[in-house]
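Below: the structure, in structure tokens.
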Amino acid sequence: MTKQSIYGLTIDQLTEWLLEHGQKKFRATQVWEWLYQKRVTSFSEMTNINKDCLQLLEEHFDIETLNIQIKQESKDGTVKLLSQLQDGNLIETVLMRQKYGLSVCVTTQVGCNIGCSFCASGILRKNRDLVSGEIVEQIMKVQQHLDEAGNGERVSHIVVMGIGEPFDNFDNLVNFLKIVNNPKGLAIGARHITVSTSGLAPKIYEFADLDLQVNLAISLHAPNNELRTQIMKINRAYPLEKLMPAIDYYLEKTNRRITFEYILLNDVNDHKEEALQLAKLLKDKRHLAYVNLIPYNPVSEHIQYKRSTKESILTFYDTLKKNGINCVVRQEHGTDIDAACGQLRSKQLKKAN
Ligand code: SAH
Ligand code: SF4
């Protein structure tokens with residue numbers, strides 16, 4: 001029987017578990033200190049915890065469930081980890097150095113069922129959801145990598161933009177967010193965490209109701225249904241007339257800024273016409289909308305798409321700006337090490353087959 005990952009429990013869940021197993025409540029805080037402040041990787045290192053309790057924990061939980069297979073470091077300081085899960089599946093985690101801090105991009109599922117036509121993660125269908133412990137442990141692995149370097153650096157930001165659709169693994173996602181956000185643990189501020197979704201409208205309502213203060217990003221990629229369905233088949237289930245009201249609800253409920261991601265695909269969605277349509281679509285919410293224009297990262301399986309030219313990117317950007325829409329062109333990280341999520345994994349899988 002494989003044991004449960006200890007990183008998957010919120011401090012309340014751990015407290016409850018310890019009480020149920022005849023242990024003292026304060027042990028939960030001690031265990032968390034060892035895990036998240038001292039960042040040990042075995043129970044035997046938890047020296048202030050009595051033998052009985054350690055034995056009990058060891059019988060039921062694992063600390064390490066991820067096995068790093070490849071660690072790539074790019075010239076710009078981006079670090080990419082390819083980890084093997086206990087069942088043999090592979091996942092990716094990326095550390096990016098930003099002006100504002102150190103940001104980690106985590107994977108939430110093995111593969112993705114949404115199957116967007118431009119994405120490396122959607123090529124293979126979803127094999128399974130990650131449990132929350134596996135998502136938390138990705139952050140721990142990166143933090144431990146930083147600890148080893150000895151410069152006192154801390155992961156300060158998280159983006160849930162790796163392989164998988166986070167809203168298709170909602171409960172594990174929410175548990176993960178609570179664990180990394182807890183001040184007794186990694187204490188990563190909710191405002192420093194961003195969850196990106198392809199637009200599962202019902203989950204956007206649920207997410208808004210949770211009132212977590214976590215940022216939300218929507219992978220929009222097209223300003224009209226015809227084009228959006230062509231590149232993202234999820235738009236059939238949740239077309240713009242379902243997605244936009246969910247976003248309006250989120251904005252009304254949280255009054256938080258929302259990011260719209262838009263990958264620029266050469267001659268597909270990058271014409272001035274689409275920029276104008278996008279500006280119109282976002283007009284009524286432009287005080288809270290922020291468009292992230294993403295240069296396409298070519299995926300060898302999707303040869304039909306090419307990166308937009310510099311000129312079209314600029315024209316698109318200018319058109320949005322002129323129409324009062326806040327936007328930036330996303331800075332790229334680690335292009336020399338298969339930076340787009342899913343690329344390293346898909347390369348490894350191809351080698352294996
Ligand atoms: N499933 C979620 C989160 C993971 S994808 C979502 O779709 O939002 C995270 C972001 O990476 C999305 O905006 C996605 O559209 C983008 N992305 C996927 N493949 C890409 C590629 N080849 N080049 C650039 N961005 C890509
Ligand atoms: Fe899945 Fe996001 Fe990739 Fe679409 S872009 S296939 S939703 S990971």
Side-chain angles (χ1 to χ4, degrees), residues 91-94 96 103-130 135 138 158-170 172-173 176-177 193-201 203-204 207 214-222 227-238 243 246-247 258-266 268-270 290-308 313 327-335 337-347:
I91 59 160
E92 291 178 19
T93 311
V94 185
M96 291 164 292
S103 177
V104 175
C105 177
V106 291
T107 287
T108 53
Q109 297 180 313
V110 179
C112 182
N113 272 348
I114 309 294
C116 301
S117 62
F118 47 79
C119 176
S121 305
I123 293 168
L124 296 168
R125 292 190 66 77
K126 180 180 89 175
N127 188 305
R128 72 166 169 91
D129 289 330
L130 293 197
I135 314 177
Q138 293 175 60
I158 295 176
V159 289
V160 186
M161 293 190 182
I163 302 166
E165 168 48 54
F167 281 0
D168 181 39
N169 187 10
F170 198 77
N172 283 311
L173 170 78
F176 158 75
L177 295 173
I193 305 176
T194 303
V195 175
S196 173
T197 177
S198 58
L200 306 192
K203 295 293 177 192
I204 295 174
F207 195 69
V214 165
N215 304 310
L216 184 63
I218 306 286
S219 290
L220 192 62
H221 307 320
L227 195 53
R228 196 161 188 267
T229 304
Q230 184 191 318
I231 60 180
M232 298 174 77
K233 59 182 198 261
I234 187 71
N235 195 62
R236 277 198 207 106
Y238 303 114
L243 178 59
I247 290 168
I258 204 164
T259 304
F260 290 91
E261 291 158 286
Y262 197 103
I263 298 181
L264 289 162
L265 303 165
N266 183 40
V268 176
N269 65 354
D270 66 346
Y290 211 89
V291 175
N292 224 332
L293 296 173
I294 308 175
Y296 176 60
N297 229 316
V299 173
S300 53
E301 289 82 353
H302 301 310
I303 44 162
Q304 75 270 39
Y305 296 128
K306 292 200 172 50
R307 177 180 282 236
S308 294
I313 296 179
C327 64
V328 289
V329 178
R330 185 187 283 172
Q331 202 195 333
E332 293 181 273
H333 295 270
T335 29
I337 56 162
D338 307 302
C341 267
Q343 289 192 339
L344 183 58
R345 171 174 176 262
S346 91
K347 208 189 235 175

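Computed from a predicted model, the values in this text were never measured in an experiment. What's counted below: heavy atoms across the whole structure, side chains too, no hydrogens, waters or symmetry copies. Just follow the structure's listing: the first ligand is 1, and inside any ligand the first atom is 1.
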Ring-plane angle category for Tyr296 and Tyr305, please: parallel below 30°, perpendicular beyond 60°, tilted otherwise.
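Rings of Tyr296 and Tyr305: perpendicular, over 60°.
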
From [X] atom [atom1] to [Y] atom [atom2], the distance as rounded to the nearest 0.5 Å:
| X | Y | atom1 | atom2 | answer |
| --- | --- | --- | --- | --- |
| Gln230 | Ser117 | CD | OG | 7.5 Å |
| Asn292 | Thr259 | CG | OG1 | 6.0 Å |
| Glu92 | Thr107 | CD | OG1 | 6.0 Å |

Hey, is atom 1 (Fe) of ligand 2 within less than 2.8 Å of some N/O/S atom on Cys112?
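Yes, Cys112 qualifies, because one of its backbone or side-chain N, O or S atoms lies under 2.8 Å.
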
Hey, are Ser198 and Tyr238 close enough side-chain-wise for a donor-acceptor pair under 3.5 Å?
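Per modelled atom types, Tyr238 and Ser198 side chains form no pair under 3.5 Å.
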
Under 3.5 Å, is there a donor-acceptor pair linking the side chains of Glu165 and Thr108?
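Glu165 vs Thr108: no donor-acceptor pair found between side chains.
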
Please examine the side chains of [Y] and [X], heavy atoms only from C-beta on, and report whether any two atoms are closer than 4.5 Å.
| X | Y | result |
| --- | --- | --- |
| Phe118 | Met232 | yes |
| Phe176 | Val195 | no |
| Val268 | Leu227 | yes |

Give the numbers and elements of all ligand 1 atoms closer than 4.0 Å to a heavy atom of [X].
| X | answer |
| --- | --- |
| Thr197 | 6 (C), 8 (O) |
| Gly164 | 1 (N), 2 (C), 3 (C), 4 (C) |
| His221 | 13 (O), 14 (C), 15 (O) |
| Cys119 | 18 (C), 19 (N) |
| Gly162 | 4 (C) |
| Val299 | 22 (N) |
| Glu261 | 10 (C), 12 (C), 13 (O) |

In terms of atom number and element, which parts of ligand 2 are under 4.0 angstrom from non-hydrogen atoms of Ser198?
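Near Ser198, the atoms of ligand 2 are 7 (S).
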
With heavy atoms only and a cut-off of under 4.0 Å, state how Asn297 meets ligand 1: side chain, backbone, both or neither.
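For Asn297, the contact with ligand 1 is made by both the backbone and the side chain.
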
Using heavy-atom distances, let me know which of Phe167, Phe118, Tyr262 sits nearest atom 18 (C) of ligand 1.
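When every heavy atom of Phe167, Phe118, Tyr262 is considered, Phe118 comes closest to atom 18 (C) of ligand 1.
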
Pick, from Cys116, Gly115, Ser219, Gly164, the option with the minimum heavy-atom distance to atom 8 (S) of ligand 2.
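Among Cys116, Gly115, Ser219, Gly164, the closest heavy atom to atom 8 (S) of ligand 2 belongs to Gly164.
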
Polar proximity ligand 1 side, Tyr296 side, N/O cut 3.5 Å exclusive:
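N/O-N/O distance under 3.5 Å: no.
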
Checking the N or O distance criterion of under 3.5 Å, is ligand 1 in contact with Pro295?
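No.
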
